[in-house]
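Worksheet: one structure, shown below.
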Amino acid sequence: MASQLDYTTIREIFTRFHAAEAEPKGELEHRNAFTLLVAVALSAQATDAGVNKATRVLFRVADTPEKMLALGEEGLIEHIKTIGLFRQKAKNVMRLSQILAEQYGGEVPSSRAALMTLPGVGRKTANVVLNMWFHFPAQAVDTHVFRVANRTGIAAGRDVLAVERAIEDNVPAEFQRHAHHWLILHGRYICVARKPKCGACLIRDLCPYEEKTL
């Protein structure tokens with residue numbers, strides 16, 4: 001774990017990220033807040049590409065809690081059976097759909113606390129929904145963000161909550177909205193776990209990682 005970088009260096013890093021891609025987007029396909037919530041819940045221990053392949057047809061027939069309930073658990077399983085842990089995920093999606101229909105008028109709540117009461121929705125999932133749909137600068141820390149944040153010293157922390165707080169504390173305010181997306185994409189395509197592509201990294205000269213590749 002690298003030491004926490006100083007403000008000036010972090011600002012330069014995110015200035016470069018912004019210059020390269022001003023409006024980074026999450027890669028999970030969705031139609032509304034509900035389908036985003038479902039997609040993120042399904043993506044645990046699965047790839048975005050795999051989830052997108054399964055949900056393209058699903059979301060055409062079930063893009064609201066009420067339609068999901070009408071589809072039923074077995075109907076949902078037929079759509080998502082290619083995704084890991086699909087049976088437990090199907091149970092969670094049906095239960096959260098019922099709660100949304102009965103307690104929230106079919107709408108997805110816009111607070112982290114309310115979101116985290118839903119089955120299968122943890123802090124990371126809640127933060128993704130808050131950020132992507134409600135445009136709140138919440139920081140969703142997945143394995144990519146955790147790795148990049150610690151490897152570079154952008155946001156040093158020994159667990160995901162510590163990294164989340166370090167991003168909030170250290171990244172300049174104007175970059176907070178898209179911070180986790182820049183970090184996710186950087187970790188997914190450049191700063192990969194094994195043999196990071198340092199030669200193609202736009203922040204190579206600012207990164208203290210000692211095991212840089214060519």
Side-chain angles (χ1 to χ4, degrees), residues 23-146 160-161 164 167-168 176-185 188:
E23 295 285 333
K25 304 293 184 184
E27 296 180 326
L28 286 172
E29 298 173 6
H30 59 282
R31 297 175 170 222
N32 52 33
F34 174 69
T35 54
L36 174 60
L37 175 63
V38 171
V40 180
L42 293 176
S43 72
Q45 300 182 46
T47 65
D48 287 359
V51 172
N52 289 338
K53 185 176 180 180
T55 58
R56 283 188 190 115
V57 176
L58 171 64
F59 291 158
R60 286 203 290 267
V61 297
D63 62 354
T64 68
E66 294 79 8
K67 290 178 183 177
M68 191 66 74
L69 291 170
L71 180 64
E73 187 173 323
E74 291 305 314
L76 173 58
I77 285 174
E78 282 302 304
H79 287 280
I80 67 169
K81 60 186 178 182
T82 57
I83 300 174
L85 306 175
F86 65 90
R87 292 192 183 279
Q88 184 58 51
K89 290 176 180 179
K91 291 182 185 297
N92 288 338
V93 169
M94 298 310 295
R95 288 166 58 207
L96 73 82
S97 295
Q98 185 171 3
I99 293 170
L100 291 176
E102 293 178 352
Q103 299 182 23
Y104 296 97
E107 300 294 325
V108 174
S110 59
S111 82
R112 185 184 290 119
L115 286 165
M116 289 178 64
T117 66
L118 300 172
V121 178
R123 188 178 183 90
K124 183 184 76 173
T125 296
N127 283 348
V128 172
V129 174
L130 290 173
N131 184 288
M132 290 182 63
W133 190 258
F134 296 106
H135 308 305
F136 180 77
Q139 308 301 331
V141 180
D142 67 357
T143 56
H144 299 301
V145 174
F146 186 82
V160 293
L161 187 56
E164 179 184 330
I167 294 172
E168 293 173 349
Q176 287 279 335
R177 166 81 193 287
H178 295 305
H180 90 274
H181 277 132
W182 281 313
L183 295 173
I184 287 171
L185 295 172
R188 185 172 290 166

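The structure presented is a predicted model; accordingly, all values stated were derived computationally and were not measured.
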Locate the shortest heavy-atom distance separating K124 from A140; write the atom from each residue and the value. O-CB, 3.8 Å
Those residues at least two apart in sequence (or on a different chain) that pass salt bridge (charged side-chain N to carboxylate O under 4.0 Å, His left out) with K53 are none
Kindly compute the distance separating CG (L42) from CG (N92), expressed to the nearest 0.5 Å. 9.5 Å
Atom of I99, atom of P119 and distance for their closest heavy-atom approach: CD1-CD, 3.6 Å
Residue pair L183, Q139: steps toward the side chain to side chain contact (heavy atoms under 4.5 Å, CB included) verdict: CA-CA 10 Å; L183 295 173; Q139 308 301 331; over 6 Å; no
Please round to the nearest 0.5 Å and tell me the distance separating atom CD of E73 and atom NZ of K91. 4.5 Å
Spacing of OG1 belonging to T64 relative to CD belonging to E107, to within rounding of 0.5 Å: 10.0 Å
Are any of the side-chain heavy atoms of V108 and L115 separated by less than 4.5 Å? yes
Which side chain to side chain donor-acceptor pair (under 3.5 Å) pairs, counting each pair once, include a residue from residues 28-44, with sequence neighbours left out? E29-R56, N32-T35
When you measure from the side chain of N131 to the backbone N and O of A138, does any donor-acceptor pair fall under 3.5 Å? yes
Begin from the C-alpha positions of E164 and V160 and carry the test side chain to side chain contact (heavy atoms under 4.5 Å, CB included) through to its verdict. CA-CA 6 Å; E164 179 184 330; V160 293; over 6 Å; no
Any side-chain heavy atom of S110 sitting closer than 4.5 Å to one from W133? no
H180 and V145 have their tightest heavy-atom pair at O-CG2, 3.8 Å
Once rounded to the nearest 0.5 Å, what's the spacing between atom CG of L69 and atom CG of L76? 10.5 Å
Any chance you could measure L85, atom CG, to R87, atom CZ, to the nearest 0.5 Å? 12.0 Å
Is the closest side-chain heavy-atom distance between T125 and V128 below 4.5 Å? no
Keeping the roles fixed (side chain from D142, backbone from I184), state whether a donor-acceptor pair exists under 3.5 Å. no
Of all the heavy-atom pairs spanning A179 and I167, show the shortest one and how long it is. CB-CG2, 4.1 Å
Could you go through L161 and R123, starting from their C-alpha distance and side-chain angles, then the distance that decides it, and tell me whether this counts as side chain to side chain contact (heavy atoms under 4.5 Å, CB included)? CA-CA 9 Å; L161 187 56; R123 188 178 183 90; 3.6 Å; yes
Answer yes or no: is there a donor N or O on one side and an acceptor on the other, between the side chain of Q88 and the main chain of G120, under 3.5 Å? no
Nearest atoms (heavy-atom pairs only) where K67 meets A62: CB-CA, 3.8 Å
What closest approach, in Å, do L100 and P65 show between heavy atoms, and which atom pair accounts for it? CB-CG, 3.9 Å
Inter-residue atom distance M68.CE - D63.CG, 0.5 Å rounding: 8.5 Å
Report the relative orientation of the aromatic rings in W182 and H178; use parallel for angles under 30°, tilted for 30 to 60°, perpendicular for over 60°. perpendicular
Evaluate the criterion side chain to side chain contact (heavy atoms under 4.5 Å, CB included) for residue pair V38 and F59; output intermediate values, then yes/no. CA-CA 10 Å; V38 171; F59 291 158; 4.0 Å; yes
